[in-house]
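First comes the structure, then the notes that go with it.
Just follow the structure's listing: the first ligand is 1, and inside any ligand the first atom is 1.
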Amino acid sequence: MARHTIILDCDPGQDDAIALLLALASPDEIELLAVTAVAGNVPLRLTEGNARRVLTLAGRSEVPVHVGCDRPLLRPLETAEYVHGATGLDGAELPPPAAGPAPGHAADAMIALVMSRPAGTVTLCATGPLTNLALALRKEPRLAERLAGIVLMGGAIELGNVTPAAEFNIYVDPHAADIVFGCAAPITMFGLDVTHKVLVTEPRLRAIEAIGTPVARAAAGLLDFYSRFDRDRYGEPGGPLHDPCVIAHLVDPSLFRGKACPVMIEREGVCAGRTVVDWWNMHRHPPTATVMRDVDADRFFKLLTERLARL
Ligand code: BDR
Ligand code: CA
């Protein structure tokens, strides 16, 4: 299986935290160069501290966390404490961070890390609003062609989760999303169509809790808290687990299925943040992203549970 060298750009957030833990638990498949934090689920001060807490929980506080943008490119920041709680990581008591933030803005760190390595060797994983990545793409126009790819959680073919039209990560910074989806790097998109098939059901949650380690107990607490809002809203047997799909795809791409499509971003108005996915290529435009739509959820949770047990 291929080994991926990645940067994880995120806004932890419980599901971002699980994505980070999955990456740390998968060293044969994933080399994590750095974490970059962006404002999203909660303000930046919290997301960057949360990233450092999760690394400390996993005993990996040497992984650098670069602090990025504290607001979207053009719009005011909208956060999601109603899902994630006041801290962004409600549901578990995490240790205080053992290391401070790394020097250098997140966008500059992305540029430096990618441009100093051979072309096509670093994958940018994004599980929050795309502000940091868009800024980096604007600052260094050669960045897109240098990346192995961008794998992101965001968007939806069907309904949104913040407005009828838009998913949270794209909604928060649609102008950044437009820059990213317009860049030359190959993009893999995990939108709500697929992540809503990855449900944290009671038996799946209990299997993680039963591992019994401090990391697994914390993960179970985070997942339990985080699933409540969506479970109540959608009436499903569990809340959808979004961000870890990005990492699981790198660990085992056979878990997911999708197809290459043109994707356009609506930036303004009542549909701001909508990802218009031309699944049947009616416009006859070249594809801009591989849009994932299906998943083997049982195998996904088997992988996640087995990997969390390693930490
Ligand atoms: C996305 O928004 C956030 O609430 C989650 O962390 C995830 O990245 C889902 O819409
Ligand atoms: Ca996120």
Face-on cation placement of R204 at F300 ring, 6.0 Å and 45° thresholds: no

Do any nitrogen or oxygen atoms of [X] come within less than 3.5 Å of a nitrogen or oxygen of ligand 1?
{"X": "H84", "result": "yes"}
{"X": "T127", "result": "yes"}
{"X": "D11", "result": "no"}

Between [X] and ligand 1, which residue portion shows a heavy-atom distance shorter than 4.0 Å: side chain, backbone, both, or neither?
{"X": "V83", "answer": "neither"}
{"X": "V162", "answer": "neither"}
{"X": "D16", "answer": "side chain"}
{"X": "Q14", "answer": "neither"}

For [atom], closest protein heavy-atom neighbour:
{"atom": "atom 2 (O) of ligand 1", "result": "F168 CD2, 3.4 Å"}
{"atom": "atom 1 (C) of ligand 1", "result": "E167 OE2, 3.3 Å"}
{"atom": "atom 8 (O) of ligand 1", "result": "D243 OD1, 2.6 Å"}
{"atom": "atom 6 (O) of ligand 1", "result": "D15 OD1, 2.6 Å"}
{"atom": "atom 3 (C) of ligand 1", "result": "N41 OD1, 3.0 Å"}

Using atom types as modelled and distance alone, determine if a side-chain donor or acceptor of [X] lies under 3.5 Å from a backbone N or O of [Y].
{"X": "T275", "Y": "V277", "answer": "no"}
{"X": "R231", "Y": "E236", "answer": "no"}
{"X": "S61", "Y": "L55", "answer": "no"}

Ligand 1 atoms in contact with N161 (distance to a heavy atom under 4.0 Å): 9 (C), 10 (O)

N169: numbered ligand 1 atoms lying under 4.0 Å from its heavy atoms: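 Counting from 1, the qualifying ligand atoms are 1 (C), 2 (O), 7 (C), 8 (O).
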
Audit row: L77, D70, side-chain contact (heavy atoms from CB on, under 4.5 Å) steps and yes/no: CA-CA 8 Å; L77 176 64; D70 69 354; over 6 Å; no

Residue among N41, T47, T127 satisfying side chain to side chain donor-acceptor pair (under 3.5 Å) with D11: N41

Within-3.0 Å protein N/O/S contacts of the Ca ion (ligand 2): D11 OD1, D16 OD1, D16 OD2, T127 O, D243 OD2

Side chains of S254 and R299, donor plus acceptor under 3.5 Å: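 R299 and S254 do have a side-chain donor-acceptor pair below 3.5 Å.
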
Distance-only side-chain donor-acceptor flag, H175 / E268, under 3.5 Å: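 Side-chain D/A pair, H175 to E268: present.
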
Pairing of D193 and R293 as salt bridge, 4.0 angstrom limit: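 Salt bridge flag = no for R293 with D193.
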
Side-chain heavy atoms of T195 within contact of M292, under 4.5 Å: no

Hydrophobic cluster membership, I30 vs L124, 4.5 Å side-chain cutoff: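 In one cluster: no.
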
Qualifying side-chain hydrogen bond (donor to acceptor under 3.5 Å, both in side chains) pairs, either residue in residues 128-148, two or more places apart: D9-N132, D108-K139, T131-D173, E140-R142

Criterion side-chain contact (heavy atoms from CB on, under 4.5 Å) on Q14 and L223, from CA distance to verdict: CA-CA 7 Å; Q14 291 90 348; L223 287 171; 5.9 Å; no

